[in-house]
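Predicted model only: the values in this text are computed from it and were never measured.
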Amino acid sequence: MLEGKNIDAVIHDNPDLVIFETPLINNQYQSISLEQTEKDLKNIMSKLQKELPN
């Protein structure tokens with residue numbers, strides 16, 4: 001989600017509610033650490049909160 005334009009597309013749609021599933025299982029299969037997963041989720045949330053404050 002961070003590498004593609006998915007976050008920008010969500011922001012552009014200006015939704016009332018955003019729901020996304022955490023990527024824990026996929027990240028584990030790709031050997032992405034829990035720490036990196038947490039960092040990525042915080043980055044996603046930060047960007048969404050900044051761009052969609054309401």
Side-chain angles (χ1 to χ4, degrees):
M1 190 166 183
L2 287 172
E3 294 174 4
K5 298 289 183 185
N6 295 334
I7 294 175
D8 293 333
V10 170
I11 291 168
H12 182 266
D13 287 343
N14 195 28
D16 293 323
L17 177 68
V18 176
I19 299 172
F20 62 92
E21 184 178 358
T22 58
L24 294 176
I25 294 173
N26 288 336
N27 284 6
Q28 181 181 8
Y29 288 136
Q30 296 176 28
S31 299
I32 298 172
S33 70
L34 184 57
E35 291 80 14
Q36 183 62 48
T37 299
E38 182 178 15
K39 180 181 175 185
D40 291 345
L41 289 171
K42 285 181 179 181
N43 286 338
I44 291 168
M45 291 303 302
S46 177
K47 184 166 185 172
L48 290 173
Q49 288 172 334
K50 177 182 173 191
E51 299 293 331
L52 302 169
N54 296 325

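- Within the model, atoms CG of Asn14 and NE2 of His12 stand 9.5 Å from one another, a figure rounded to the nearest 0.5 Å.
- Using a 4.0 Å cut-off between charged nitrogen and carboxylate oxygen, Glu38 and Lys42 count as a salt-bridge pair.
- Pairing each heavy atom of Val10 with each of Pro15, the nearest pair is O-CD, 3.1 Å.
- If you chain together hydrophobic residues whose side chains sit under 4.5 Å apart, Met45 and Ile32 never meet in one group.
- For residues 45-54, the salt bridge (Lys or Arg N to Asp or Glu O under 4.0 Å) pairs, not counting sequence neighbours, are Asp8-Lys47.
- Contact detail for Leu52 and Ile11: the closest heavy-atom pair is CD2-O, 3.9 Å.
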